[in-house]
Engineer: 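Please see the structure below; I have some questions.
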There are 2 protein chains.
Amino acid sequence: MTKPAVIPHPQDNEVAERIMANALPLFADHGYSGVSMRAIAAAAGLTIGTLYHYFSNKEALYLGVLQASYASCAEQWQTIFDAPTPPLERLRDYLLQYCKFAAENKEFVGLVKREQLEGNPQRMELMANVLLGEQFEKTWQLLEEINPDIDARMAANSLIGMVVHHFEIAALRQRFPQHRDEYDDPARVSEHIYQILVHGLLGKPAE
Amino acid sequence: MTKPAVIPHPQDNEVAERIMANALPLFADHGYSGVSMRAIAAAAGLTIGTLYHYFSNKEALYLGVLQASYASCAEQWQTIFDAPTPPLERLRDYLLQYCKFAAENKEFVGLVKREQLEGNPQRMELMANVLLGEQFEKTWQLLEEINPDIDARMAANSLIGMVVHHFEIAALRQRFPQHRDEYDDPARVSEHIYQILVHGLLGKPAE
DNA sequence: GTCTATAAACCGATAGAC
DNA sequence: GTCTATCGGTTTATAGAC
């Protein structure tokens, strides 16, 4: 019985899950090559040899972290997009939930952004098919429902870019003068993005 | 005569510049710890020993890459912001130049994003003071000039987020169905962002 | 299943020939 | 100024005791 080459053990092993859960913030902060197997083992309270009992190598462990993170938030978007409310209300709800998620899961957002920068073809395929593709499609379909005359795919990119950027630069923003804590508040940020998307900068400031 | 601790040799040495120019895409793609001094030497057509003649260590070389990239584009924004044209026209010009720069300097944009994710205090300070702080300030001042009733700093974050995201996910976007090449065109993207910022999604589609 | 010990390769950095 | 050779340390990964 040989270990699988890429995918970690499929059964829900609580030790493997603990390893991946503790490795997630390490990979998000320092990148794939910036984290050693020793550091991962220490974060999980184990030694290095034990890691290789659950994962065939470092790459498989990393892919396991990616897939586990994807699965944990995949169904979260579904209920929001499928709600039977008017499209503008769905947009507002989606933005709030998306901002909340980005604020609470900075590690995951950072991991995804890192993967986009790296551009590894195999892992890009995983992201495009498993998670991001679905969110992107639901997003532009909602925007097209709001206004069929715009390029909804471009608008979806703009929406996603605004949300993730606000929370990606949180650490940097605090070094700028005149910083206010409310710039990190998901409710405040999502309402701001909603106003820009719907009315632009010249529209009425509050509805 | 000892070598400086952090800053590389100040004189404009063409060999040092070649080393940094070839190292930039490597750092942008794989991060600081993902690139070895051997790889940097090979990219410049040298051997590892020669690198230490021009840079005291790997950290100094990396900081040199950051600073050289900063300097190369720092003055590019000045002329745009200081133009004596109406604010909306300046916004349109700024967006076009910013998108062009992001499209032509994907490595630099990736490097900056990577630094934001990493959160190293020393390098964050460098970014906040030397380059990004100035661009951020000019951006929100322009937006405040357009509409004094909005939160211009938040709007500046949204603007920057839209621009960089469009070009950061270029590699990923091509894996999505119904991709069009014009989504990578700076003129097309900047005009799209201009329309969203000024009119929103419900406004008139073309001016 | 978890550990210790270790192999083989790679890392950043230095010394010294030319 | 560029090279080769090498040091000491760390890396991923394996072998084997318990």
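Computation of the quantities below employed the complete heavy-atom set of this structure, encompassing side-chain atoms and omitting hydrogens, waters and symmetry-equivalent molecules. Just so it is clear: chains get the letters A, B, ... in the order the sequence lines come, proteins before strands, and each one is counted from 1.
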Engineer: If you only use heavy atoms from C-beta on, which nucleotide in D:dG1, C:dA13, C:dG1 is closest to the side chain of B:H53?
Structural biologist: D:dG1
Engineer: Kindly indicate whether the side chain of A:K138, heavy atoms from C-beta on, has any atom under 4.5 Å from the side chain of A:D82.
Structural biologist: yes
Engineer: Can you tell which of C:dG1, D:dT2, C:dC11 lies closest to the side chain of B:L46?
Structural biologist: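 Taking heavy atoms from C-beta onward, the closest nucleotide is D:dT2.
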Engineer: Go through the structure and list residues passing side-chain hydrogen bond (donor to acceptor under 3.5 Å, both in side chains) with B:R123, not counting sequence neighbours.
Structural biologist: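 Result, side-chain hydrogen bond (donor to acceptor under 3.5 Å, both in side chains) vs B:R123: B:E59, B:E115.
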Engineer: Give the rounded distance in Å between these two atoms: CG of A:L51 and C1' of D:dA13.
Structural biologist: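 About 11 Å, once rounded to whole Å.
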Engineer: Would you call the rings of B:Y183 and B:H179 parallel, tilted or perpendicular, where under 30° means parallel and over 60° means perpendicular?
Structural biologist: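 Rings of B:Y183 and B:H179: perpendicular, over 60°.
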Engineer: Report the distance from atom NZ of B:K58 to atom P of C:dT14, rounded to the nearest whole Å.
Structural biologist: 15 Å
Engineer: Among C:dC3, C:dA5, D:dT2, which nucleotide has an atom closest to any side-chain atom of A:I48?
Structural biologist: C:dA5
Engineer: Counting side-chain heavy atoms from C-beta on, which of C:dT6, D:dT2, C:dG1 comes nearest to A:Y54?
Structural biologist: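 The answer is C:dG1.
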Engineer: Report which part of the nucleic acid B:T47 touches: base, sugar-phosphate, or nothing (heavy-atom distance under 4.0 Å, all strands).
Structural biologist: base
Engineer: B:I40 CD1 to C:dC11 C1': how many Å, rounded?
Structural biologist: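 After rounding, the reported distance stands at 12 Å.
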Engineer: By nearest atom, which of the nucleotides C:dG12, D:dA13, C:dC3 is closest to the A:Y52 side chain?
Structural biologist: D:dA13
Engineer: Taking atom C1' of D:dT2 as reference, at what distance in whole Å does atom CZ of B:F55 sit?
Structural biologist: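 From B:F55 CZ to D:dT2 C1': 15 Å.
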Engineer: Using heavy atoms to find the nearest nucleotide of DNA chain D for B:R38 and B:V15 separately, return the residue whose nucleotide is more 5′.
Structural biologist: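 Its nearest nucleotide lies further toward 5', so the answer is B:V15.
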Engineer: What pairs of donor and acceptor atoms, side-chain ones from residues 153-170 of chain A against any protein atom, are under 3.5 angstrom apart with sequence neighbours left out?
Structural biologist:
from: A:R153; atom 1: NH2; to: B:Q178; atom 2: OE1; distance (Å): 2.3
from: A:S158; atom 1: OG; to: A:M154; atom 2: O; distance (Å): 3.4
from: A:S158; atom 1: OG; to: B:H166; atom 2: NE2; distance (Å): 3.0
from: A:S158; atom 1: OG; to: B:H192; atom 2: NE2; distance (Å): 2.9
from: A:H165; atom 1: ND1; to: B:K113; atom 2: NZ; distance (Å): 3.3
from: A:H166; atom 1: NE2; to: B:S158; atom 2: OG; distance (Å): 3.0
from: A:E168; atom 1: OE1; to: B:K113; atom 2: NZ; distance (Å): 2.5

Engineer: Which whole-number value in Å describes the distance from B:M37 CE to C:dA9 C1'?
Structural biologist: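 Answer to the nearest Å: 19 Å.
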Engineer: Is the distance from OP1 or OP2 of D:dG1 to the nearest side-chain N or O of B:T50 less than 4.0 Å?
Structural biologist: no
